[in-house]
Protein chains: 2
Amino acid sequence: MSPSRKSGDSYHHGDLRRALVEAATAIVAEDQNWEFSLREVARRAGVSHNAPYRHFPEKLDLLAAVAAEGFHSLRSAMIEAAKAPKSPDDALVAIGSAYIRFGTENPARYRLMFGAALAASKAALPPLVGQAAAASRDVLAAVVADGVRQNRFAAAPGDDGEMSILALSAWATVHGLTMLIIDGLSDVEPSPSLPERVGRALLDGVRKR
Amino acid sequence: MSPSRKSGDSYHHGDLRRALVEAATAIVAEDQNWEFSLREVARRAGVSHNAPYRHFPEKLDLLAAVAAEGFHSLRSAMIEAAKAPKSPDDALVAIGSAYIRFGTENPARYRLMFGAALAASKAALPPLVGQAAAASRDVLAAVVADGVRQNRFAAAPGDDGEMSILALSAWATVHGLTMLIIDGLSDVEPSPSLPERVGRALLDGVRKR
DNA sequence: ACCTGAACACCGTTCAAGT
DNA sequence: ACCTGAACACCGTTCAAGT
């Protein structure tokens, strides 16, 4: 057994960091509550309650790691959704739908992703999370830019050349909707067709008429 | 000193409930952190650490009370903003601006308002919060409905008669944007003119062209 | 009715050790 | 290096009393 083994094999040691992230993710999925205790994560991972401190200086750092992984998943889901469609219109609907579906299908995980920022409070957002979030936003932004380039989407008047406001708006709409649905504040019944309908509404918001 | 004194005078007793809500609100504003401890609230109010249980069965209920009051404030800010403008266009921009300003000027309070829902997790949203939130949403919805009625806003295609999706979309946009800005996930620099610009972008999303 | 003090089972974090 | 057990200062909540 040389030490050159791939870090992917998880006997029990060597990848405690990954084990902790997975344990935390599992707890969140099972309890459907984004607030987990560090001690429970350690128990689940089979280590003492302060072994995690070797890998994460404080609880917030584990939270950030879980959140960042969540954003990577979200990004994958969006990329997957954007694969098939040809037109920017279809792509935007597909991506919007995938986004809402991702959030509403595992609300606790979605809340954690933004709750990590939330927990940070005054402090700056953990860079890990910020980058991961930006990466998933960029999938949406790319499609929006595509639509503008093909002259199908209307850039906002104030957006001279830049299209950041338009992309930000689109992100805000799907994010806000996801949150409102998760929080039970949307009065539209959450039918399976909702993501699709929201995707269409999103499209109508940017489409050139 | 008859007991028929108005409940508004706060010597020290009689209105502990209000004192607790105010103490919690003050702590959130000072720490800029929406997570306060029940014991600290009690200390601040000058009572023992479990006196609050006479008024709030559990911590979540105090959280909900603070959140509900926050929604009342938000509603007032929106109503105030909608007063002056005449056209639905101006009103929507004004309301959107006021909304974003409310959220970004006291992020901790805004996060708490939605964090109360968040904390509830699987359980249903505290009715108190749900109603207060709906009441403030309705200010926005009324202006949107006005615009549709005057044929200045375009109802979404799927919205046969109802305009709930359009209003929900508008709410989602301002809510999402507020959250993204608060969380530091918006890459647009938070200039004082941002609320105004966002209000205009919101308008462009619904306006008939 | 409303409030108290002591107690319970937790928590995040630290520290002096162990290997 | 990595992990442990004991300890510290908290927390939410409960309970038997006090007035």
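Since we're looking at a predicted model, the values are computed, not measured. Here is how names work: the chains are called A, B, and so on, in the same order as the sequence lines, proteins then strands, and each is numbered from 1.
A straight line from CZ of Arg44(A) to P of dC11(C) spans 13 Å, rounded to a whole angstrom. Rounded to an integer number of Å, the gap from Asp15(B) CG to dA1(C) P is 19 Å. Leu60(A) places its CG atom 13 Å from the P atom of dG12(C), with the value rounded to the nearest Å. In this structure, CD of Glu35(B) is placed 10 Å from P of dG12(D), rounded to the nearest angstrom. The nearest whole Å value for the distance from the CZ atom in Arg43(A) to the P atom in dG5(D) is 14 Å. Distance CD (Glu40(B)) to C1' (dA9(D)): 15 Å, rounded to an integer number of Å. Going from atom CG of Leu38(A) over to atom P of dC3(D) covers 14 Å, rounded to whole Å. Separating the CZ atom of Arg39(B) from the P atom of dA6(C) is a distance of 12 Å, rounded to the nearest angstrom.
The salt bridge (Lys or Arg N to Asp or Glu O under 4.0 Å) check on Arg54(A) picks up nothing, with sequence neighbours excluded. Not counting sequence neighbours, the partners of Arg44(B) by the salt bridge (Lys or Arg N to Asp or Glu O under 4.0 Å) test are Glu30(B). Considering only residues two or more places apart in sequence or on other chains, Glu80(B) meets the side chain to side chain contact (heavy atoms under 4.5 Å, CB included) condition with Lys83(B).
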* Asked: Once each nucleotide of nucleotides 14-19 of chain C is scored for protein heavy atoms under 4.0 Å, what B/S/- sequence comes out, 5' to 3'?
  -> BB----

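Nearest to the side-chain atoms of Ser48(B) among the listed nucleotides dC3(C), dT4(C), dT4(D) stands dT4(C). The side chain of Ser37(A) lies closest to dC11(C), out of dC11(C), dT4(D), dC11(D). When distances run from any side-chain atom of His55(A) to the nucleotides dC3(C), dT13(D), dC3(D), the shortest one goes to dC3(D).
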* Bracket string, DNA chain C, 5' to 3' - pairs by Watson-Crick or G-U geometry under 3.5 Å, | interstrand -> ||.|||||...|||||.||

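Between Arg17(B) and the phosphate of dC2(C), there is no side-chain N or O to OP1/OP2 separation shorter than 4.0 Å.
Glu35(A) has no carboxylate O lying under 4.0 Å from a charged side-chain N of Arg111(A), or vice versa, which leaves the two without a salt bridge.
Checking side-chain atoms of Glu22(B) against main-chain N and O of Ala19(B) turns up no donor-acceptor pair under 3.5 Å.
Residue His49(A) forms a side-chain contact (heavy atoms from CB on, under 4.5 Å) with just one option from Arg39(A), Arg43(A), Glu40(A), and that option is Arg39(A).
The closest side-chain donor-acceptor pair between Tyr99(A) and Trp171(A) falls under 3.5 angstrom.
Remark: the separation of the P atoms in dA17(D) and dC2(C) is 22 Å, to the nearest Å.
Atom OG of Ser76(A) and atom CZ of Phe71(A) lie 13.0 Å apart (nearest 0.5 Å).
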Pairs under 3.5 angstrom only: tabulate donor-acceptor contacts from the side chains of residues 57-65 of chain B to other protein residues two or more places apart or in another chain.
unit_1: Lys59(B); atom_1: NZ; unit_2: Phe36(B); atom_2: O; d: 2.8
unit_1: Asp61(B); atom_1: OD2; unit_2: Glu58(B); atom_2: N; d: 3.0

